[in-house]
Amino acid sequence: MWWGIAAWPVDRFIEANDFTGKTVIPFATSSSSGLGKSGKLLAQKAGTGDWQEGRRFRSGVSESDVTAWVESLEV
């Protein structure tokens with residue numbers, strides 16, 4: 001994450017894949033930048049998929065915190 005925007009390698013991954021019929025929930029680790037507009041911008045680049053609100057974790061987040069978040073998604 002740089003200033004709330006996903007890094008260019010993520011853009012390339014999104015452009016190279018088809019998300020039709022997929023639920024996508026973006027997440028990232030960052031010391032300071034939030035997700036900002038990155039989820040909306042990536043969804044626009046993808047053009048397909050069910051893009052949900054994502055989450056930013058601080059660097060050094062524990063595995064148990066990430067696991068608890070994933071389990072709370074109920075997907």
Side-chain angles (χ1 to χ4, degrees):
M1 301 303 305
W2 286 304
W3 299 99
I5 305 293
W8 64 266
V10 177
D11 289 342
R12 301 302 167 258
F13 174 81
I14 298 303
E15 293 167 350
N17 289 279
D18 181 5
F19 294 91
T20 301
K22 307 286 188 221
T23 298
V24 183
I25 306 171
F27 66 95
T29 57
S30 173
S31 293
S32 59
S33 293
L35 288 180
K37 300 184 290 184
S38 61
K40 289 181 177 33
L41 294 172
L42 293 172
Q44 289 173 350
K45 281 188 182 296
T48 61
D50 176 18
W51 288 73
Q52 303 291 312
E53 190 71 29
R55 181 166 176 186
R56 178 250 214 203
F57 294 96
R58 290 199 167 286
S59 57
V61 64
S62 71
E63 181 178 342
S64 62
D65 285 347
V66 176
T67 299
W69 174 69
V70 169
E71 289 172 352
S72 77
L73 296 174
E74 299 179 5
V75 291

Check your understanding: Taking all non-hydrogen atoms of both residues, which atom of Ser38 and which atom of Ala6 are closest, and how far apart?
Key -> CB-N, 3.6 Å

Point to revise | Check: Ser72 side chain, Trp69 main-chain N or O, donor-acceptor pair, under 3.5 Å | key: yes

Point to revise | Contact summary for Lys37 and Ile5, nearest pair of heavy atoms | key: CE-CD1, 4.4 Å

Check your understanding: Would a 4.5 Å heavy-atom cut-off, applied to side chains only, mark Gln44 and Leu41 as touching?
Key -> yes

Check your understanding: Are Phe13 and Val24 grouped together when hydrophobic residues (ILVMFWY) are joined by side-chain heavy atoms under 4.5 angstrom apart?
Key -> yes

Exercise for review: Please tell me if the side chains of Thr23 and Gln52 come closer than 4.5 Å, counting only heavy atoms from C-beta onward.
Suggested key: yes

Point to revise | Atom pair CZ/CG of Arg55 and Leu73 - distance to nearest 0.5 Å | key: 9.5 Å

Check your understanding: Which atoms form the tightest heavy-atom contact between Glu53 and Ile25, and what is the distance?
Key -> O-CG2, 3.4 Å

Review point. Who are the side-chain hydrogen bond (donor to acceptor under 3.5 Å, both in side chains) partners of Thr20, not counting sequence neighbours?
Key: Asp18

**Study point:** Residues that Phe19 engages under ring pair (Phe, Tyr, Trp, His ring centres under 6.0 Å), provided they are two or more places apart
**Key:** Trp51

Point to revise | Euclidean distance, Ile14 CD1 relative to Leu42 CG, rounded to 0.5 Å | key: 5.0 Å

Check your understanding: If Ile, Leu, Val, Met, Phe, Trp and Tyr residues are connected whenever their side-chain heavy atoms lie under 4.5 Å apart, and connections chain through other members, are Trp8 and Val10 in the same group?
Key -> no

**Study point:** salt bridge (Lys or Arg N to Asp or Glu O under 4.0 Å) against Lys45, all qualifying residues, sequence neighbours excluded
**Key:** Glu15

